[in-house]
Amino acid sequence: MRRSALLILVLLGPMLAGCVAHVEIHDAVMGTTMKVEAVSRSMSKDELNKVVLEAIEAAKKADRLLSLWKPDSEISRLNRAKPMEWVALSPETYEVLVQALEVSKQTDGAFDITVGPLVELWGFGPKSATVPTELPSDEAVAAAKAFVGREHIVVDANSKRAYRDAEGVEIDLGGIAQGYAADQVLKVLEAKGIRDALVEVGGETVAIGLTETREPWLVGVRHPNVMTKLLTTVELKDAALATSGDYFNVYELGGRLYSHIIDPATGRPIANNVCSVTVIAKNCAYADALATGLMVLGPEKGLKLVESLDGVEAIFAWRTGKDAIEVKASTGARQYRLAP
Ligand code: AMP
Ligand code: MG
């Protein structure tokens with residue numbers, strides 16, 4: 001290269017880098033934290049900031065529609081409506097219900113948003129003020145389980161309405177809502193022309209393009225036993241990542257740990273030693289729901305399912321003894337440069 005050209009490059013480099021706007025905003029939604037990072041080479045920092053703030057509103061809207069903890073949400077209204085009474089839904093709520101029902105079919109009912117009565121019975125729902133001091137009876141489990149099953153929700157695609165078929169049916173979108181919120185934020189960013197961004201809601205993450213320094217977005221997956229340690233890092237480009245863990249929302253009773261992931265088949269918190277499942281997929285709502293379902297299915301059935309799916313990878317961790325875990329990833333997970 002001629003010396004003059006080299007000189008221009010040396011001078012232009014920092015100037016070009018100076019044209020990159022980078023914004024990182026932290027907020028709270030759905031009872032958890034959220035983070036949005038966006039990079040733009042055409043917008044000013046102020047413009048980008050405005051776009052990110054607007055995008056964050058999409059997550060807040062999703063919360064207002066889907067939360068079981070808000071009595072006015074569409075889901076709370078659906079859960080209160082008379083059996084068989086059609087309830088009109090926003091396109092967003094309808095979309096989440098349909099995605100959730102699809103994952104339920106795919107996982108053979110391991111993921112099921114009608115687990116609401118069981119989630120409540122085991123002390124993890126909005127009506128449970130404190131941690132239970134005794135385990136529910138077999139009769140109580142059987143009674144709650146009678147209302148669990150995706151056939152209890154009927155949706156109509158034309159009118160975007162839904163109903164529950166019995167009084168005791170309760171929909172709980174806790175296993176998919178955060179991933180959906182992340183997708184919704186990204187959708188707004190993309191509509192505004194952003195090509196490089198990362199959105200994270202309660203650990204459920206979706207990323208497009210590259211970072212400010214043109215590197216892939218690097219996402220850490222927490223170690224199930226040591227909060228400050230990483231199980232792995234994942235390079236996330238144009239993909240979503242969601243993690244379910246037995247360590248998030250858990251209590252001890254009679255010397256045993258009970259986690260918030262319920263096996264709809266037994267009506268009880270999972271007892272399969274699976275401690276975390278991370279799913280990488282195109283869409284974050286899907287990754288979120290599938291991660292919850294795979295916690296129930298376990299590594300053997302779960303990895304078989306993942307290997308049969310296009311564009312889906314997973315990392316399973318399960319407990320093999322006190323402080324000991326085993327980890328297994330699907331064959332294609334390596335493309336995301338898992339480390340260590
Ligand atoms: P996540 O952290 O995404 O795995 O979601 C866990 C939440 O999903 C729980 O707190 C419950 O509200 C709900 N949930 C628990 N078990 C299931 C299940 N088998 N299928 C669908 N949702 C579930
Ligand atoms: Mg989930």
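Keep in mind that the numbers below use all heavy atoms, side chains included, and drop hydrogens, waters and symmetry copies. Both counts, for ligands and for their atoms, begin at 1 and track the order of listing.
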Just need the protein heavy atom nearest to atom 1 (P) of ligand 1, so name the residue and atom and give the distance.
-> Thr292 OG1, 3.3 Å
For Phe248 and ligand 1, answer yes if some heavy atom of the residue is under 4.0 Å from a ligand atom, otherwise no.
-> no
Short check: any N/O/S atom of Ala289 below 2.8 Å from the Mg ion (ligand 2)?
-> no
Angle at the Mg ion (ligand 2) between O of Asp288 and OG1 of Thr292, to 10°?
-> 90°
Can you establish whether the number of heavy atoms outside Arg214 located under 6.0 Å from its atom CZ is more than 12?
-> yes
Within the side chain of Asp196, is there an N or O that forms a donor-acceptor pair under 3.5 Å with the backbone of Thr211?
-> no
Take atom CD of Glu300 as the centre, draw a 6.0 Å sphere, and report whether it contains more than 12 heavy atoms from other residues, nucleotides or ligands.
-> no
Among all protein heavy atoms, pick the one closest to atom 10 (O) of ligand 1 and tell me residue, atom and distance.
-> His260 ND1, 2.9 Å
Among all protein heavy atoms, pick out the one at the shortest distance from atom 20 (N) of ligand 1; state its residue, atom name and that distance to 0.1 Å.
-> Asp112 N, 2.9 Å
Contact partition for Ala110 relative to ligand 1, non-hydrogen atoms under 4.0 Å = backbone
Nearest option to atom 16 (N) of ligand 1, as decided by whichever heavy atom of Ile262, Ile176, Asp288 sits closest | Ile262
Which residue holds the protein heavy atom closest to atom 12 (O) of ligand 1, what is that atom called, and what is the gap in Å?
-> Asp172 OD2, 2.7 Å
Would you say ligand 1 has an N or O under 3.5 Å from any N or O of Gly175?
-> yes
Quick one: look at Val115 and ligand 1, take heavy-atom pairs under 4.0 Å, and tell me if it's side chain, backbone, both or neither.
-> side chain
Row check, Phe147 ring normal vs Arg164 NZ/CZ: under 6.0 Å, within 45° = no
Could you point out which residue of Leu97, Val96, Thr93 forms a side chain to side chain contact (heavy atoms under 4.5 Å, CB included) with Glu74?
-> Thr93
Hey, are Ser44 and Asp46 close enough side-chain-wise for a donor-acceptor pair under 3.5 Å?
-> no
How close do Pro126 and Trp69 get, heavy atom to heavy atom, and via which atoms?
-> CA-CZ3, 3.2 Å
Please write down residue, atom name and distance for the protein heavy atom closest to atom 4 (O) of ligand 1.
-> Ser244 OG, 2.4 Å
Val312 and Val306: which non-hydrogen atoms are nearest, and at how many Å?
-> O-CG1, 3.4 Å
Enumerate the atoms of ligand 1 whose separation from the nearest heavy atom of Pro264 is less than 4.0 angstrom.
-> 19 (N)
Taking atom types as modelled and ignoring hydrogens, do the side chains of Gln99 and Tyr94 form a donor-acceptor contact shorter than 3.5 angstrom?
-> no
